[in-house]
Amino acid sequence: AVTVEDTVAAVEAGTHTLVHTPHIGRLEESEAARQKIAKAGIPMMSTLGIFIPAFDKDNKPLFRDRGPFPMMETLSSGGQGPVNARLLWEAGLVYGYGTDTSWLPKDALAQELRALALVFSPKDIVTILTKNAAATLHRSKELGTLQAGTNADLVILDGDPLANTSNLLNVAMVIKSGEVVVDKR
């Protein structure tokens with residue numbers, strides 16, 4: 001569990017990346033905490049998807065480890081975490097994609113997209129998954145944008161993610177270091 005107080009303490013300790021969004025405590029009630037976290041210049045990973053259930057083929061709610069979803073202990077975080085994320089984003093925090101599940105990467109991304117879409121626009125989500133994800137890894141000079149001097153790593157999608165963020169799951173091609181490594185066309 002990550003409280004607003006835990007996050008402020010991590011900022012004060014000089015953490016390099018905040019790997020969880022505070023989901024216990026209401027940042028809208030503490031302008032000082034919100035500003036302290038946002039202005040510290042420490043990027044934060046999203047990891048919001050763990051607080052909303054995924055569902056198995058029998059329609060049973062699952063948690064991040066594929067075990068039963070702890071509704072009473074967890075579901076309120078599914079609302080407060082995204083609210084806190086949005087408040088920090090609006091205060092200027094660099095917010096990047098991250099996950100905290102045992103799901104396969106595509107399933108983890110789908111789950112995180114569901115949570116991010118609660119409070120972020122498709123344009124915001126693309127920024128969170130690209131430029132800001134690189135910043136959370138402290139690799140902005142080489143990853144996350146298409147510009148001279150960065151790695152020639154691309155994911156080409158079958159569909160416009162700005163029209164529908166679920167198109168982020170429709171990978172048509174992957175290019176790594178200028179070489180095609182996946183081609184589903």
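Note that the structure is predicted; figures quoted are calculated from it, not measured.
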Next item on the list: Could you tell me the separation between the CD atom of Q35 and the CG atom of L87, rounded to the nearest 0.5 Å?
Entry: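 The CG atom of L87 is 10.5 Å from CD of Q35, to the nearest 0.5 Å.
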
Checklist line | Nearest-0.5 Å distance that lies between atom CG in L146 and atom CG in N151 | finding: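 Output value for this atom pair is 11.0 Å.
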
Notebook entry, point to check: Does any donor atom in the side chain of E112 or S46 lie under 3.5 Å from an acceptor atom in the other side chain?
Noted result: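 The answer is yes; a qualifying pair exists.
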
Margin query: Quick test of your reading of the model: are E90 and R34 salt-bridged, counting only N-O distances below 4.0 Å?
Written below: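 Here E90 does not pair with R34 in a salt bridge, since their nearest N and O are not under 4.0 Å apart.
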
Item checked: Inter-residue atom distance I128.CD1 - Y97.OH, 0.5 Å rounding ->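 I128 CD1 to Y97 OH: 12.0 Å, rounded to 0.5 Å.
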
Next item on the list: Output yes when a side-chain donor or acceptor of D158 lies under 3.5 Å from a complementary backbone atom of V171, and no otherwise.
Entry: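 No.
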
Check: From R114 CZ over to F51 CZ, what is the distance, rounded to the nearest 0.5 angstrom?
Finding: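 Going from the CZ atom of R114 to the CZ atom of F51 covers 14.0 Å.
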
Check: Got a donor-acceptor contact below 3.5 angstrom from the N132 side chain to the V94 backbone?
Finding: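 Judged by distance alone, no pair lies under 3.5 Å.
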
Check: Between atom CZ of R86 and atom CG of L118, what is the distance when rounded to the nearest 0.5 Å?
Finding: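 The CG atom of L118 is 12.0 Å from CZ of R86, to the nearest 0.5 Å.
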
Next item on the list: For atom CD of E12, decide whether the heavy atoms of other residues, nucleotides or ligands shown that lie under 6.0 angstrom number more than 12.
Entry: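 Check passes, neighbour count above 12.
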
Check: So, does Q111 use its side chain to make a donor-acceptor pair with the main chain of I52 at under 3.5 Å?
Finding: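 Yes, the answer is positive, given that a donor and an acceptor are paired below the 3.5 Å cut-off.
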
Checklist line | Pairwise distance CG(L18) to CD1(I37) - rounded to 0.5 angstrom | finding: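 L18 atom CG to I37 atom CD1 measures 7.5 Å (nearest 0.5 Å).
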
Notebook entry, point to check: Judged by modelled atom types alone, do D6 and T3 share a side-chain donor-acceptor pair under 3.5 Å?
Noted result: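 Per modelled atom types, D6 and T3 side chains form a pair under 3.5 Å.
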
